[in-house]
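See structure below.
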Number of protein chains: 2
Amino acid sequence: MSQTVDRALSILPLLAEGPADLGQVADRLGVHKSTALRLLRTLHEHGLVYRQSDQRYRLGARLFALAQEAMENLDVREIAHPHLARLNERCGHTVHLAVYEEGEVLYIDKVESRYPVRMYSRIGKPVAITVAAVAKLLLADLPEPERRTIAERLEYPLYTARSTPNAPAFLRELTKVREQGWATDLGGHEESINCVAAPIRGADGRVVAAMSVSAPNVVVTADELLTLLPQVRRTADDISGEYSGRTPAKDTVGP
Amino acid sequence: MSQTVDRALSILPLLAEGPADLGQVADRLGVHKSTALRLLRTLHEHGLVYRQSDQRYRLGARLFALAQEAMENLDVREIAHPHLARLNERCGHTVHLAVYEEGEVLYIDKVESRYPVRMYSRIGKPVAITVAAVAKLLLADLPEPERRTIAERLEYPLYTARSTPNAPAFLRELTKVREQGWATDLGGHEESINCVAAPIRGADGRVVAAMSVSAPNVVVTADELLTLLPQVRRTADDISGEYSGRTPAKDTVGP
DNA sequence: GGGTTGCGTTGCGTTATATGCAACGCTCAT
DNA sequence: ATGAGCGTTGCATATAACGCAACGCAACCC
């Protein structure tokens, strides 16, 4: 809509691939060097872009700070966190919280496993959308046409033999998840890792977030992990209640 | 430099404070609503801004993804991580990696303590610059005039009784840190938490990053933590060697 | 239920503003 | 020394961003 801003913002994903010098930026934007320079300078003033010692540009620190603040302002996250921590206390495994936004699913909170073997994931990292249990829950709640559109636009990387292979299979899985009200990922992303997930709903019943418990095979088998399902669902329901205002937050200590 | 981009980018920190509607954004930018609308639309197209169900705008998911990618492209981080993990294996405490950029110090990596009591911190969060051990190391390496300018511009919040109280005290501390080549934070940020830190240097000897080991009093006393100093310095030196190309990366397993 | 207020949204003419050019200056390597 | 390559500057032109005013649409209140 606004050409100048559009061009300036296009620089960010470009730099996300790695540092680049003025010429490279100008070329990839298809503009004159002087134009690119002015845009970069503006981005620099706002701290979104940093000029390293070899004169090349890369993404700046303000970006982290912004992402950080944005995260801390998410109210679901704030409400959910103590519940996630409590669940982690009880079962010891990694607990994740994720939301859907504009075609992406991303983790917004994580409580680390207390077992020495830990899985790799990071807050803010987009989730493997076709296989993750939380992603299935979040997508399953979208209106059917949107679900179809998204499913057909997605790619289906075969992380493992049990990954969702294509759109029809994914849509079938979403229907199942929608009906049963919970989801799993049994080695669909990494061979040895299983997850159980449950939805968190707002006052209107719409799914606003999803949470999951994940553990590697070497710690517990898939069957053992599934025995945690009731606990996970109860936790998710508690969060839903508090989020939608039905249940006031419980004080952890009396006055 | 570029008015339009400048205005658009000013929206981001504004939204970081919390969601806002069109009118609020327009007012705070001092522009007409239609102008604000166009800017917001452009930001929206790039995913930096999200429109929530109540029509208000807040920061978008792309921001997380960008910050994430930016972080993973930092080569110091990549080189340092296995060393940090190894140190954590040996001592069990929380290990941090931080860099300086344009007046801010921020954590770019963290390996969690293996003790049940953990300190609060998050990757990407700006560090308490006047007290953190890593911050002292990074600032101590700046040229003297810059150091002074920064020190005088800073605020000195008294987190605890042992926090750095003002600019002169801070500058004195920096001089000391610069000479001894390592730094500590003994309860300067949180009463019960101590840190020991060492600098990571590039080929030209300039400090490019700093790493620290942190632990609460309840786990180890400050004196006990200080006995780890040689290990911390050795780890930092190993990273420096690898980063500056002097030492080739060691294979963890043979062929 | 009609009127009103408070939003977001649209189209348009004007003018400020971003643009590309060409020339300059610098560093580095030949 | 000399050239190539890159970032930087000033400037005239034209484009694209601006504010305005009018519209559409709710919600709200009398």
Side-chain angles (χ1 to χ4, degrees), chain A residues 1-60 101-102 143 202-204 206 244-245, chain B residues 1-60 73 101-102 143 202-206 244-245:
Chain A
M1 291 265 105
S2 169
Q3 190 186 72
T4 317
V5 178
D6 186 47
R7 284 176 175 166
L9 296 182
S10 303
I11 294 178
L12 298 178
L14 193 155
L15 290 184
E17 296 169 21
D21 62 30
L22 180 60
Q24 295 170 337
V25 172
D27 283 353
R28 294 204 38 188
L29 281 187
V31 299
H32 196 269
K33 286 186 304 178
S34 59
T35 305
L37 179 65
R38 254 169 300 125
L39 298 177
L40 280 165
R41 276 226 257 261
T42 313
L43 289 168
H44 180 92
E45 276 178 14
H46 286 258
L48 297 183
V49 144
Y50 177 67
R51 193 145 199 204
Q52 44 187 30
S53 43
D54 63 350
Q55 295 257 278
R56 292 189 306 168
Y57 296 92
R58 59 171 181 73
L59 295 181
E101 186 180 317
E102 317 255 331
D204 53 1
R206 292 282 313 268
S244 59
Chain B
M1 288 263 107
S2 169
Q3 190 186 72
T4 319
V5 178
D6 186 48
R7 284 176 174 168
L9 297 182
S10 304
I11 294 179
L12 298 178
L14 193 154
L15 290 184
E17 296 170 19
D21 62 30
L22 180 60
Q24 295 169 338
V25 172
D27 283 352
R28 294 204 39 187
L29 281 187
V31 299
H32 197 268
K33 285 185 305 177
S34 58
T35 305
L37 180 65
R38 255 170 301 128
L39 298 178
L40 281 165
R41 277 226 256 260
T42 313
L43 289 168
H44 181 93
E45 276 178 13
H46 286 258
L48 297 184
V49 144
Y50 177 67
R51 193 145 201 204
Q52 45 187 27
S53 43
D54 63 351
Q55 295 256 268
R56 292 191 305 168
Y57 295 92
R58 58 171 181 74
L59 295 180
N73 282 343
E101 186 180 317
E102 318 254 332
D204 53 1
R206 292 283 313 268
S244 58

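When reading the values below, keep in mind they use all heavy atoms of this one structure, side chains included, and skip hydrogens, waters and symmetry mates. Lettering of chains follows the sequences in order, A, B, ..., and the numbering in each one begins at 1.
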From C:dG20, D:dG19, C:dT10, nucleotide with atom closest to B:L37 side chain: C:dT10

Closest nucleotide among C:dG20, C:dT10, D:dT8 to the A:H32 side chain: C:dG20

Sugar-phosphate only, base, or nothing, as touched by A:R56 at under 4.0 Å among non-hydrogen atoms: nothing

B:D54/B:R56 salt bridge by N-O under 4.0 Å criterion: yes

Distance test, side-chain N/O of A:T35 to OP1/OP2 of C:dA18, below 4.0 Å: no

Closest listed nucleotide, where the reference is the side chain of A:S34 and the choices are D:dC18, C:dG20, D:dT8: C:dG20

5'-most by nearest nucleotide on DNA chain C - A:K33 or A:T4: A:T4

Side chains of A:R58 and B:N73 in contact at under 4.5 Å (non-hydrogen atoms): no

With sequence neighbours excluded, residues passing side-chain hydrogen bond (donor to acceptor under 3.5 Å, both in side chains) with A:S34: A:H32

Residue mapping more 5' on DNA chain C - nearest nucleotide basis, B:Q24 or B:R38: B:Q24

Under 4.0 angstrom between B:R7 side-chain N/O and D:dC18 OP1 or OP2: yes

Closest to side chain of A:R51, choosing from C:dT10, D:dG7, D:dA16: D:dG7

Distance in angstrom units between B:D54 CG and C:dG6 P, rounded: 19 Å

Nearest-nucleotide comparison on DNA chain D, the residue closer to the 5′ end among A:G23 and A:Q3: A:G23

A:E45 side chain to A:T42 backbone, donor-acceptor under 3.5 Å: no

